[in-house]
Amino acid sequence: MNDAEYKRFTDAAATCQMTNAAFLAYAVDKAARDLTRTAAEIATEREVIDELFAARRHLGRIHGLFNQVAKALNSGADAPHLNATAQAVLNAARRMEDATDALLAHRDGGTAS
């Protein structure tokens, strides 16, 4: 547990007017009583992270395709839809960045870095 997580934990215990040990026991018991929900929340975060990594791989492949387009343009080829395509890729990259920031903020308790 890092310092920020420990502070969040101790603050939560204090807010509930419980000792750290009592709060931890309560939280563990609550999670153990609903394993489906606990597992689903963990799986959901993992799935989101997997999707972000997949999107990053796709953006890497798109980078390679843009290099091929640049090579073709340097050879005199025409690419009439290049601007629209580049804008769509840029928008996708920005959405991916926003999703990553939101995931990190959620994981860190709402404090985006």
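Basis for what follows: all heavy atoms, side chains included, without hydrogens, waters or symmetry-related copies.
Atom CZ in Arg8 sits 7.5 Å away from atom CG in Asn2 (nearest 0.5 Å). How far OG1 of Thr100 is from CD1 of Ile49: 9.5 Å, rounded to the nearest 0.5 Å. To the nearest 0.5 Å, atoms NE2 (His58) and CD1 (Ile62) are separated by 8.5 Å. In this structure, Thr19 OG1 and Tyr26 OH are separated by 14.0 Å, a value rounded to the nearest 0.5 Å. If you take CG on Leu90 and OG1 on Thr85, they are separated by 12.5 Å, rounding to the nearest 0.5 Å.
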When the side chains of residues 69-78 are checked against the rest of the protein, which donor-acceptor pairs come out under 3.5 Å, sequence neighbours left out?
residue, atom, partner, partner atom, Å
Asn74, ND2, Ala70, O, 3.3
Ser75, OG, Lys71, O, 3.1

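With sequence neighbours left out, Glu97 forms a side chain to side chain contact (heavy atoms under 4.5 Å, CB included) with Asp101.
Counting heavy atoms from C-beta on, the side chains of Leu59 and Val89 come closer than 4.5 Å. Side-chain contact check for Phe53 versus Val48: every heavy-atom pair is 4.5 Å or farther apart.
Open room surrounds CG on Asp3; 12 or fewer heavy atoms of other groups in view lie less than 6.0 Å from it. When the shell of 6.0 Å around CZ of Phe66 is examined, it contains more than 12 heavy atoms from other residues, nucleotides or ligands.
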Checklist line | Evaluation steps, side-chain hydrogen bond (donor to acceptor under 3.5 Å, both in side chains), between Gln87 and Asn83 | finding: CA-CA 6 Å; Gln87 188 60 52; Asn83 287 338; over 6 Å; no
Checklist line | Evaluation steps, side-chain contact (heavy atoms from CB on, under 4.5 Å), between Tyr6 and Asn20 | finding: CA-CA 10 Å; Tyr6 183 74; Asn20 289 350; 3.5 Å; yes
